[in-house]
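One structure is given below, encoded as structure tokens.
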4 protein chains.
Amino acid sequence: MTDADSPTPKFRRRADARPDEVLDAALTLFGQKGYAATSVAEIAREAGISKGAVYLYFPSKQAILEGLVKRAVTPISARALEQAALAHGDLRTALPAILGVIAEAMNDPKVFAVPRIVLHEAVVAPEIAAFYRDAVLNMAMPAVEGLIAQGVARGELRPVDPEMTIRSLMGPVVIHIILSEVFGVTPKGGLDLKRLVDNHLDILLNGLFTPPGGDNA
Amino acid sequence: MTDADSPTPKFRRRADARPDEVLDAALTLFGQKGYAATSVAEIAREAGISKGAVYLYFPSKQAILEGLVKRAVTPISARALEQAALAHGDLRTALPAILGVIAEAMNDPKVFAVPRIVLHEAVVAPEIAAFYRDAVLNMAMPAVEGLIAQGVARGELRPVDPEMTIRSLMGPVVIHIILSEVFGVTPKGGLDLKRLVDNHLDILLNGLFTPPGGDNA
Amino acid sequence: MTDADSPTPKFRRRADARPDEVLDAALTLFGQKGYAATSVAEIAREAGISKGAVYLYFPSKQAILEGLVKRAVTPISARALEQAALAHGDLRTALPAILGVIAEAMNDPKVFAVPRIVLHEAVVAPEIAAFYRDAVLNMAMPAVEGLIAQGVARGELRPVDPEMTIRSLMGPVVIHIILSEVFGVTPKGGLDLKRLVDNHLDILLNGLFTPPGGDNA
Amino acid sequence: MTDADSPTPKFRRRADARPDEVLDAALTLFGQKGYAATSVAEIAREAGISKGAVYLYFPSKQAILEGLVKRAVTPISARALEQAALAHGDLRTALPAILGVIAEAMNDPKVFAVPRIVLHEAVVAPEIAAFYRDAVLNMAMPAVEGLIAQGVARGELRPVDPEMTIRSLMGPVVIHIILSEVFGVTPKGGLDLKRLVDNHLDILLNGLFTPPGGDNA
DNA sequence: CATGAATGAGTTTTCATTCAT
DNA sequence: TATGAATGAAAACTCATTCAT
């Protein structure tokens, strides 16, 4: 189009929003078809711009993936730190809260899409996995581990190993999502996250086995 | 490579183990670089045969992937069913045994490679995921769920939800492996599966929290 | 070629005639070596573009073949219908005219190439043959058959079978071309189409045999 | 019969018949799918022998094609020459006989298969076409042309051009078969060769047009 | 003689990236 | 800035031919 010198462009060149639109498009498509099976042309089409324009904002297809992870990751680790800082004292209410927040977040496909893509591309692009590890896992996990360690120190928790316990805490939620999203193994009644979290918390609080002596809450 | 110094025989004869050699090569490469990034030519080279020969045994690249999963899957589901049948009565010893066996199995990269690849290709080849679901998950999970349900009925376990509880049981092991294998998040001291399982079992047996009235060790 | 001596422009710009250039190249090569023996790479080279560019205009090699037939076919059936409509009344002049036009057209290798290719690919790509049949034969033949039927009705022609007579009309021209183009059986004196048509018309007008009574024109 | 001294082996090693079986298989498959689309493996399978065995009798795939043509061609040209020699004097009965024989022969798919294949492969293997030309066309056509020339000399035929007239004679039959076999253009009532030949002969004998002075039915 | 496993060149097709406009 | 035509380097797959057995 040669409409270069049009005065008062009714349609602004929203140049600044462009990269985000590209990322939105990529998120959708990578989530649907995977990174390898998504072409740059499709991303461009989905974003409503030309193929060439994509390369104005990202030097390569892989850079889009990195940008995607980067964008998704920043707020997450921030929130995780907040929550950890928030919780002092009562882990009996803090842990359920944390677990609930995480479960609900992961339940949003838009949010789950990023770790899923990272999981997907980790083998082929280890730097993506490394980045995710550094930006998310290594930020959020120590925070929760600290909470657990404090709980142990305070005597609120039994003398468990914090570094392992976080896996006992989070693992069930993660595997529940993976089973459903990746393998289509959904419980009868649907992916009922509350049901999972409630049952899991029940076990964490009261143990799995019936106490020898006998009467639970 | 294990190539003996045979005088370059242009035609080696059917080892009859050929398909398995192709699968071994594919397992290695898929595990290293992912399915999409591995070319049939590379598989052939790794297997020590020509590109064309691969197509003598597998009609397509995807068929190699399927063969891989099939080969890995058959013994696993068989063993899982055995173990479940074996365990009657004392879940206090059966569950730790099952968890230990699974953890140890997953710890072998040769074994973990297949679920990892499946996880990887699930998005792009849902029939692989479906096959794995049908051949492994839907075989093994109900068996363990049955065990849990029996334990509840017998009063050995607290009245938990078996379908959710299996996730509380297995999730920590799975995430521990994923964290390490995929993201390189390994605890100080290495991927110590015994440490994880022991801590997890401790929580399952005794709960996470200090009992209200009580004094634990 | 019409390549100007431009200083090796890596990217020539869309001539907009590109698809036609590809078809021209394909026509030449298919005619020379047949469809199966012509690679897309060769077509691209002949057209002066890259292999990939061919796929910008045609989704597959077969689509090129189809495009070729389509392009050649449209004007032909149109012209045939015109001519049929034109001729009323005097078949003694109309038939020679039609035959002459067809013979001359077929004599142009550019025109004959397409039916030849179709003949060639009919076995392996029946939809090509079907398309040609629907677009050319089923359009043109009924028109001529109608002419013949009218001639019979009007008493201008003897009571012949129009559907068979069109074969007596056209067959000699077609076989003359095939003999020459395909088998290299050319009469002494060259492929003299006028000589063929004149002799054929002579037979049609006067019969092959000497009339019983005796004296011809 | 030279098979005199075979000691009646119940299972003869029909080694001599093998090449013919290969040719039979090839004839079937080439006719069905074309030369290019038929693999040597398929020919071997159809012939009931191994791929390698094919190469015991024919040095290459193309040699099979040549063998096919050679085998089909020899008897044809022989018969044509016989018939031409047979006919002296009365062309009014000889020509219809010849036309009838040829039409009937071509109507047998087994017989038509070879010229069809030749037509098909002529572009890509001109030596096949050349061979067919030399062995069939250049043998049979001059014979018939001679007949025509004699007829003219004798005054039985009008003073036509023999070399062109053979095309007027045969063309309609050939095109009738091609239209039906290749393009699926079959007259209502089926490929009725007698109907075609009768109509064609009627035209040859009596002309197409109503005689000027005359009174036809 | 006969087999069929093995080869590897060659084919079609895709797509990340470039660059003239 | 923005476009999208053009590139060309792979990749999956086929198959005529060879040769150890």
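Proteins come first, then strands; the chains are lettered A, B, ... in the order of their sequence lines, and each starts at number 1.
- One N or O on the side chain of C/Y35 and one on the backbone of C/Q62 form a donor-acceptor pair closer than 3.5 Å.
- Straight-line distance from the CD1 atom of B/I43 to the P atom of F/dA10: 18 Å, rounded to whole Å.
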Fill in: Audit row: A/I64, A/Y57, side-chain contact (heavy atoms from CB on, under 4.5 Å) steps and yes/no
CA-CA 9 Å; A/I64 300 175; A/Y57 306 112; over 6 Å; no

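- Atom CZ of C/R45 and atom P of F/dG8 are 13 Å apart (whole Å).
- Following rounding to the nearest Å, B/I64 (CD1) and F/dA11 (C1') show an atom-to-atom distance of 13 Å.
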Worksheet item: What does nucleotides 9-16 of chain E look like as a protein-contact string, B for base, S for sugar-phosphate only, - for none, at under 4.0 angstrom between heavy atoms?
Response: BB-SBB-S

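- In this structure, B/L56 atom CG and F/dT18 atom C1' are separated by 14 Å, rounded to whole Å.
- The separation between B/I49 atom CD1 and E/dG8 atom P is 12 Å, rounded to whole Å.
- Of all nucleotides present, only E/dT14 satisfies the Watson-Crick or G-U wobble test against F/dA9, with each distance under 3.5 Å.
- Residue pairs meeting the side-chain hydrogen bond (donor to acceptor under 3.5 Å, both in side chains) criterion with at least one partner in residues 43-53 of chain D, sequence neighbours excluded, do not occur; the list is empty.
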Worksheet item: Step by step, would you call C/I49 with C/L56 a side-chain contact (heavy atoms from CB on, under 4.5 Å)?
Response: CA-CA 11 Å; C/I49 60 176; C/L56 250 33; over 6 Å; no

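- B/K70 places no side-chain N or O within donor-acceptor distance of the main-chain N or O of B/F131, the cut-off being under 3.5 Å.
- Pair check for E/dA5 finds F/dT18; Watson-Crick or G-U wobble, both atom distances under 3.5 Å.
- Here the closest heavy-atom approach between residue D/V22 and residue D/A47 is recorded as CA-CB, 4.2 Å.
- As rounded to the nearest Å, F/dT21 and E/dC1 have P atoms that lie 23 Å from one another.
- Considering only side-chain atoms of C/R18, the nucleotide from E/dA5, F/dA5, E/dC1 that sits closest is F/dA5.
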